[in-house]
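So that the names make sense, note that chain A is the first sequence line, chain B the second, and so on, each numbered from 1.
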There are 2 protein chains.
Amino acid sequence: MPVTVLLVDDEPLVRAGLRAVLEAQPDIEVVGEAADGAAVIPLVRRLRPDVVAMDVRMPLLDGIEATRAVLRTVDAPPKIVVITTFENDEYVYEALRAGADGFLLKRARPAEIVHAVRLVAEGESLLFPASVRQLAAQYGDDGGNRAARAVLERARLTDREAEVLRLMTRGLSNAEIAARLVVGTETVKSHVSAVLAKLGARDRTQAVITAYESGFVAPG
Amino acid sequence: MPVTVLLVDDEPLVRAGLRAVLEAQPDIEVVGEAADGAAVIPLVRRLRPDVVAMDVRMPLLDGIEATRAVLRTVDAPPKIVVITTFENDEYVYEALRAGADGFLLKRARPAEIVHAVRLVAEGESLLFPASVRQLAAQYGDDGGNRAARAVLERARLTDREAEVLRLMTRGLSNAEIAARLVVGTETVKSHVSAVLAKLGARDRTQAVITAYESGFVAPG
DNA sequence: GATCGTCTCCCCCGTGCGGGGGAGGCTCGT
DNA sequence: ACGAGCCTCCCCCGCACGGGGGAGACGATC
């Protein structure tokens, strides 16, 4: 059974673009569209999509309120990916607080969009580190890196994965981690891959950055 | 002309070990030994070594005072590498403050020791990131990561190298950095290699870690 | 004029890394 | 008894990465 997606965006062009990108995938099916947040709930009830791709900035009911409403009023609610144009969008952070499972930039490459939908459909959460960095920067020294912290909380790393990430933040190679944990390097590679996927990181360096930004490890 | 080294350690066993490791290199020559800090200055004056490998904890005159004395009283002073048994050795930090060019753990692998001697002989400074991590940890939240910070100060990165390091801490690949700086990827590779060498990092991940530990970039 | 440091780019080369799969054993909860 | 989640290990594969060299252009310094 394919992953079913409901698109919610006030711009028809964006909806069309998302539909084109997602429909190109054999395992993804766009089952409906809505132009504002107010229309989301009845549609979710009727269509029961696996994933809702939702703009944060919309008339009537924005993505934050719509996210809250869906999670509050629907049982077995869909996964929610919020979409935004800006990297520095405080709405995004609020939407994540409201329970969204990930966020996407409109200018993300099609492959990233597809990847994100599949990931959240599988129950994973995701944020793109490059965007997280921007987000975190916005909240400055006082607010702290709440956004990045949220990534890690949502990443739901297993104990082993967390341990591997910790060793990654100490600068260890896969072979060294394997030696330290007394397992095979292939095992470490598996854990590392899982960590990268869950953190939305492209490589171990980005993973370590996210770890620092999130407070998973503290410098000094 | 080979790199000439003076060994200063109160334990004959350690001196013998260092001599064995260093003499095995065709380009390194151990020109003398001393058992305590007080004997260092006349020996330095007479032998004019390129590098002094000096224990921090010694009778009569410890490595810190000996380092200060050499730098204060000898012109064209040698490079000084302090040696310690413990990763959490506050003496080490003091020695670095006193002007030492790097430090070494006694349990470091021979290749690391050789590498360190060659590096400081060439005028580079070096600390091993893994040790830095330990050092930094000791100084806790209040004292901050002074040791790691010292690495970066001593690393004397050029403007371009610092810029490249900054982009590395944003998670960019060599190709992305090249695009950002509008230069070739080979150029970026050169800068990255220089950064790795100066920071004593094995790969970009370790470099990023050092950058965070040193406060070169601040999380959040 | 010569030297030094920096920035730029080039070559070759080995390998660690990460993506894409899969698979078996284990514990735990139902 | 069964599935879910986790940990473990395996395969193949492409490529970015990093080490080792070298070299030309430019400005500053002496």
* To do: Evaluate the criterion salt bridge (charged side-chain N to carboxylate O under 4.0 Å, His left out) for residue pair A:Arg160 and A:Glu163; output intermediate values, then yes/no.
  => CA-CA 5 Å; A:Arg160 205 53 158 174; A:Glu163 175 66 7; over 6 Å; no
* Rounded to the nearest 0.5 Å, what's the gap from CZ on A:Arg180 to CG on A:Leu172? Could you check? => 5.0 Å
* Structure fact -> Distance col, row A:Leu22:CG vs A:Thr4:OG1, nearest 0.5 angstrom, shows 11.5 Å
* Roughly how far apart are A:Ile28 CD1 and A:Asp50 CG, rounded to 0.5 Å? -> 10.0 Å
* So how far is it from A:Leu165 CG to A:Arg170 CZ, rounded to the nearest 0.5 Å? -> 12.5 Å
* Asked: Nearest-Å distance, CZ (B:Arg202) to P (C:dG16)?
  -> 10 Å
* Asked: Separation of B:Arg204 atom CZ from D:dG18 atom C1', in whole Å?
  -> 10 Å
* Structure fact -> Residues A:Ala211 and A:Thr169: closest non-hydrogen pair is CB-CG2, 3.7 Å
* If you fit an axis to the five pairs at each end of the helix from C:dG1-D:dC30 to C:dT30-D:dA1, how big is the angle between those two axes, to 10 degrees? -> 40°
* Asked: Taking CG from B:Asp203 and C1' from D:dA16, how many angstroms apart are they, rounded to a whole number?
  -> 13 Å
* Just how far, in rounded Å, is P of D:dT8 from CD1 of A:Ile177? -> 12 Å
* Structure fact -> When rounded to whole Å, the CD to P distance for the pair B:Glu163 and C:dT6 reads 16 Å
* Structure fact -> Value for CD (A:Glu176) from CG (A:Leu181), rounded to nearest 0.5 Å, stands at 11.5 Å
* To do: Please name the pair of heavy atoms, one in A:Gln206 and one in A:Asp203, separated by the smallest distance, quoted to 0.1 Å.
  => N-OD1, 3.0 Å
* Examine D:dC7: is either OP1 or OP2 under 4.0 Å from a nitrogen or oxygen in the side chain of A:Thr158? Give yes or no. => yes
* Applying side chain to side chain contact (heavy atoms under 4.5 Å, CB included) between B:Val117 and each of B:Val5, B:Val30, B:Asp27, report the one that passes. => B:Val5
* Asked: In whole angstrom, what separates B:Asp159's CG from D:dC26's P?
  -> 20 Å
* Asked: For C:dC17, does OP1 or OP2 lie under 4.0 Å from any side-chain N or O of A:Asn174?
  -> yes
* Asked: Going by number, which of residues 180-196 of chain B have a non-hydrogen atom under 4.0 Å from DNA chain D?
  -> B:Lys189, B:Val192, B:Ser193, B:Leu196
* **Exercise: identify the closest heavy-atom pair between B:Met168 and A:Ile209** => O-CD1, 3.7 Å
Distances under 3.5 Å only, N/O to N/O: pair up the protein atoms with those of nucleotides 24-30 of chain C.
none

* Passing option when A:Met54 is tested against A:Val81, A:Val40, A:Ile83 for side chain to side chain contact (heavy atoms under 4.5 Å, CB included) -> A:Val40
